[in-house]
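Written below as C-alpha cells is the structure these notes are about.
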Amino acid sequence: MHIIILLGSVIGGVLLSAQSSINGAFSRKSGTYEAAFLTFFSGALLLAILILFFGEGNILKVFEAPKWQLAAVWFGVGYLFLTVVAVPRIGVIATNIATVIGQLSAGMVIDHFGFFGGLSVPFTWERLLAILLMLIALRFIYIGNKKQRAETERS
C-alpha cells in the first residue's frame with residue numbers, strides 16, 4: 001500500500017510541475033489573478049460535483065472545525081498565487097525546487113515537534129545536509145536560468 005501512495009505522490013508532483021508551467025504561461029496571457037482564479041474556480045466546480053455524488057460527510061461541519069484548521073485554505077491560495085507569479089520570472093524548475101525546499105524545511109520543523117498531532121521525527125544532521133544540498137542545487141539552477149535568459153535577450 002505504501003508504494004501506491006508513494007507513486008501517487010510522484011504523480012502529484014508531476015501534475016504540480018505541469019500546472020506550474022501551464023499557469024505561468026497562462027498568466028502571461030490573462031494575468032496572474034485571472035490564472036489563479038480560473039484554477040480555483042474550476043477546481044471548486046469539480047469538487048462540488050464530486051461532493052454531490054461521492055461526498056461522505058456533511059459539508060456544514062466545516063463551520064465546526066477549529067479556526068486554525070481553516071487557515072490551510074489560505075496556504076493553498078498563497079502557494080498557487082506565488083507559483084503563478086514566480087514561474088514566468090525564474091522558471092519552473094527553480095520555482096519547484098524553491099517550493100520543495102520550503103515544504104521540506106517546514107515539514108522537518110513540524111515533524112521534529114510533532115505539530116498538528118503528527119508523528120514526531122527528530123531533526124538530524126542528515127536532514128540539514130539534505131536542505132543545504134538542495135539550496136546549492138537551487139543556486140546552480142538559478143544561475144543557469146539567468147545566463148540562459150541573458151543569452152536569449154542578446155539574440
Side-chain angles (χ1 to χ4, degrees), residues 1-121 127 130-131 134-135 137-146 148-149 152-153:
M1 182 63 170
H2 287 176
I3 194 75
I4 293 170
I5 292 171
L6 285 173
L7 287 173
S9 297
V10 169
I11 291 168
V14 169
L15 293 174
L16 277 176
S17 289
Q19 180 202 29
S20 297
S21 182
I22 292 166
N23 267 345
F26 180 56
S27 73
R28 280 180 250 151
K29 297 277 187 203
S30 68
T32 303
Y33 295 117
E34 293 80 0
F37 172 77
L38 182 64
T39 299
F40 281 105
F41 181 72
S42 57
L45 285 177
L46 175 63
L47 287 171
I49 292 168
L50 290 173
I51 288 170
L52 183 64
F53 291 103
F54 303 106
E56 299 176 8
N58 181 349
I59 191 75
L60 298 177
K61 293 281 186 181
V62 167
F63 298 109
E64 296 176 15
K67 302 303 179 231
W68 68 268
Q69 291 176 354
L70 299 177
V73 171
W74 298 111
F75 297 160
V77 169
Y79 163 76
L80 180 70
F81 180 76
L82 292 171
T83 300
V84 169
V85 169
V87 166
R89 290 168 178 81
I90 65 172
V92 174
I93 190 68
T95 300
N96 286 346
I97 286 181
T99 300
V100 168
I101 291 169
Q103 289 174 327
L104 292 177
S105 298
M108 287 179 194
V109 171
I110 291 167
D111 277 354
H112 181 75
F113 293 104
F115 291 148
F116 314 117
L119 179 67
S120 181
V121 179
R127 289 172 171 239
I131 294 295
M134 290 185 73
L135 286 167
L138 175 60
R139 177 77 175 142
F140 283 133
I141 287 168
Y142 182 74
I143 290 170
N145 286 358
K146 279 180 62 173
Q148 183 64 40
R149 182 167 282 165
T152 303
E153 289 174 359

For Trp74, does the CH2 atom have more than 12 heavy-atom neighbours from other residues, nucleotides or ligands under 6.0 Å away?
no
Interatomic spacing from CG in Leu119 to CD1 in Ile110 - rounded to 0.5 Å:
12.5 Å
Arg149 side chain vs Arg89 backbone, donor-acceptor pair below 3.5 Å:
yes
Tell me if a side-chain donor or acceptor on Ser27 pairs with a main-chain N or O of Gly24 at a distance below 3.5 Å.
yes
With ring centroids as reference points, do Phe41 and Phe37 lie under 6.0 angstrom apart?
yes
Does OH in Tyr79 sit with more than 12 non-hydrogen atoms of other residues, nucleotides or ligands closer than 6.0 Å?
yes
With a 4.5 Å limit on heavy-atom distance, are the side chains of Leu135 and Arg139 in contact?
no
Restricting to non-hydrogen atoms, name the atom on Gly91 and the atom on Asn145 that form the minimum distance, rounded to 0.1 Å.
CA-ND2, 4.4 Å
As an exercise, state the distance from CD1 of Ile97 to CD1 of Ile101, rounded to the nearest 0.5 Å.
6.5 Å
Does the side chain of Asn23 pick up a donor-acceptor pair with the side chain of Thr39 at under 3.5 Å?
yes
Heavy-atom closest pair, residues Arg28 and Pro88
NE-CB, 3.5 Å
Could you state the interatomic distance from CG (Leu138) to CD1 (Ile143), rounded to the nearest 0.5 Å?
9.5 Å
Heavy-atom pair with the smallest gap, counting every atom of Leu80 and Ala36
CD2-O, 3.8 Å
Pairwise distance OG(Ser20) to CG(Leu82) - rounded to 0.5 angstrom:
11.5 Å
Can you give me the closest heavy-atom contact between Val121 and Arg127, atom names plus distance?
CG1-NH2, 3.0 Å
Shortest non-hydrogen pair, Thr83 vs Thr95, comes out as CG2-CG2, 4.1 Å
So which atom in Val77 and which in Phe40 form the shortest heavy-atom distance, rounded to 0.1 Å?
CA-CZ, 3.5 Å
Would you call Val62 and Leu70 a side-chain contact if the rule is heavy atoms closer than 4.5 Å?
yes
Rounded to the nearest 0.5 Å, what's the gap from CZ on Phe63 to CG on Asn58? Could you check?
10.0 Å
Nearest 0.5 angstrom please: Gln148 CD to Glu153 CD, how far?
10.5 Å
